Amino acid sequence: MTYLWKRYLQASLILRVTIALVLGVLVGIVGGDGVAVWLAPLGDLLLRLLTFLIVPIVLFTLMVGVNQSREGSAGRVGGKVFIYYLASSALAIMVGLAVATLFSPGSGMTLNDSASFSVPENPGVVDALLNIVPSNIVSAFAELNMLGIIFTALVFGIALLKMRQSEHQHALGEQLYRVIEGLNEVTLKVMSGVLHFVPIGVFAIVAETVSQQGMETLLSLGDMVMVLYIALGAQLLIYCAVMLLFGVKLRTFFGEARTPMATAFATQSSSGTLPITINAAQRLGIPKSIYQSARKTAYF
């Protein structure tokens, strides 16, 4: 048993997640509804653990990232990342519209006449900007208000940077920074432990989904899923071309990026995949100031 556990820990995370995906489908098909009852808690536990880490990861890593950036460099990096997100969002819209127009997914589908939905009211630009500032820090953390958490981390991170640059408060600022840096390292250590549970949770989520929905239901959605994958594949090819243009080695990139991608696919949670995404960025050697700026811009 000890030997198997050591082999499990030594295997790459993407290999474990891939095996978990395949086993989850097989167990879901064979086990039926009984499997969902037994495995549901494991899937819920994974989502809870990933959500549990969001607040400390965002808070501490952003504060450390702000204090590791040279003054003015964070703004330049953030501006470039913001332009990238505008361009990539526009690209995603164009690819999605083009593929949907070409294949017309859902054509011929009849909707229930009794079905109804409500369109939420547009809050407007001013209200959207005001909502970035939380009225209560504790409630922002408790409700996982990502904009509020990021705003808090940036404000306190910049204030700590100013303290460290001040002649009168330099010593106190350095002490506080060491505390924050230590808390960030503790959070990353906890994250490394949670990553070992990711394949187990992915296995449980996939098995539960397949056992409840059944392969017939999943296959009946095959046309829409195919169109989705075609659109994702087209967008991915464009990104690959851009990365090659800038000299990025695709083999190295996807060697680390495939694990967050597979986990996001199984859990259907981008924010829940945040700890794994940070781990991949660190393994790729991306400077902390850059991937922190990219992440906070993404949430904004």
Side-chain angles (χ1 to χ4, degrees), residues 13 17 42-69 74 77-78 81 131-164 172-202 256-257 259-260 263-264 266-300:
L13 184 58
V17 172
L42 294 177
D44 292 340
L45 178 59
L46 172 62
L47 296 177
R48 285 175 176 267
L49 287 172
L50 293 175
T51 306
F52 161 75
L53 285 172
I54 290 177
V55 171
I57 282 179
V58 173
L59 182 63
F60 298 137
T61 54
L62 274 181
M63 291 184 67
V64 171
V66 168
N67 280 266
Q68 288 183 345
S69 303
V77 172
V81 171
N131 289 334
I132 295 176
V133 183
S135 58
N136 188 306
I137 293 179
V138 177
S139 63
F141 287 2
E143 298 171 2
L144 280 184
N145 178 358
M146 294 306 302
L147 293 180
I149 296 172
I150 292 173
F151 178 83
T152 302
L154 291 178
V155 169
F156 280 87
I158 293 173
L160 179 58
L161 178 62
K162 294 300 182 181
M163 288 182 63
R164 295 174 64 205
L172 179 59
E174 289 296 331
Q175 292 177 358
L176 289 174
Y177 175 69
R178 284 194 292 269
V179 172
I180 298 298
E181 192 175 31
L183 291 172
N184 183 52
E185 292 299 322
V186 169
T187 302
L188 296 179
K189 181 65 69 174
V190 175
M191 181 186 71
S192 65
V194 171
L195 292 180
H196 292 308
F197 184 74
V198 167
I200 300 174
V202 168
E256 300 299 337
T259 301
T263 305
T267 60
Q268 297 296 299
S269 173
S270 58
S271 60
T273 316
L274 180 60
I276 305 172
T277 305
I278 290 180
N279 182 64
Q282 292 174 336
R283 292 173 64 89
L284 284 169
I286 300 175
K288 181 178 293 187
S289 59
I290 293 179
Y291 70 74
Q292 295 300 350
S293 297
R295 198 179 77 246
K296 67 191 178 189
T297 306
Y299 278 113
F300 277 105

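Computed from a predicted model, the values in this text were never measured in an experiment. Below, each value reflects all heavy atoms present in this structure, side chains not excepted, and no hydrogens, waters or symmetry copies.
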Are I150 and V58 close enough, and set up right, to give a side chain to side chain contact (heavy atoms under 4.5 Å, CB included), and what steps lead you there? CA-CA 7 Å; I150 292 173; V58 173; 3.8 Å; yes
So, using side chain to side chain contact (heavy atoms under 4.5 Å, CB included) as the criterion, who are the partners of [X] when residues are at least two apart?
{"X": "V55", "value": "F141, L144, I149"}
{"X": "S192", "value": "K189"}
{"X": "Q175", "value": "L172, R178"}

Would you call [X] and [Y] a side-chain contact if the rule is heavy atoms closer than 4.5 Å?
{"X": "L161", "Y": "Y177", "answer": "no"}
{"X": "M63", "Y": "N184", "answer": "no"}
{"X": "L53", "Y": "V190", "answer": "yes"}

Which atom of T152 lies closest to which atom of P134, heavy atoms considered: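 Shortest heavy-atom separation between T152 and P134 comes out as OG1-CG, 4.0 Å.
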Using every non-hydrogen atom in the two residues, find where E181 and V64 come nearest and quote the distance to one decimal.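 Minimum heavy-atom contact is CA-CG2, 4.0 Å.
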Would you compute the distance between atom [atom1] of [X] and atom [atom2] of [Y] and round it to the nearest 0.5 angstrom?
{"X": "I54", "Y": "L49", "atom1": "CD1", "atom2": "CG", "answer": "11.5 Å"}
{"X": "F60", "Y": "L183", "atom1": "CZ", "atom2": "CG", "answer": "4.5 Å"}
{"X": "L195", "Y": "L50", "atom1": "CG", "atom2": "CG", "answer": "8.0 Å"}
{"X": "I200", "Y": "L46", "atom1": "CD1", "atom2": "CG", "answer": "9.5 Å"}
{"X": "T51", "Y": "D44", "atom1": "OG1", "atom2": "CG", "answer": "10.5 Å"}
{"X": "L176", "Y": "L160", "atom1": "CG", "atom2": "CG", "answer": "6.0 Å"}

For the side chain of N145 and the backbone of S139, is there at least one donor-acceptor N/O pair under 3.5 Å apart?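 Flag not set: sc N145 to bb S139 has no pair under 3.5 Å.
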Evaluate side chain to side chain contact (heavy atoms under 4.5 Å, CB included) for L45 paired with F197, printing each intermediate quantity in order. CA-CA 9 Å; L45 178 59; F197 184 74; 3.6 Å; yes
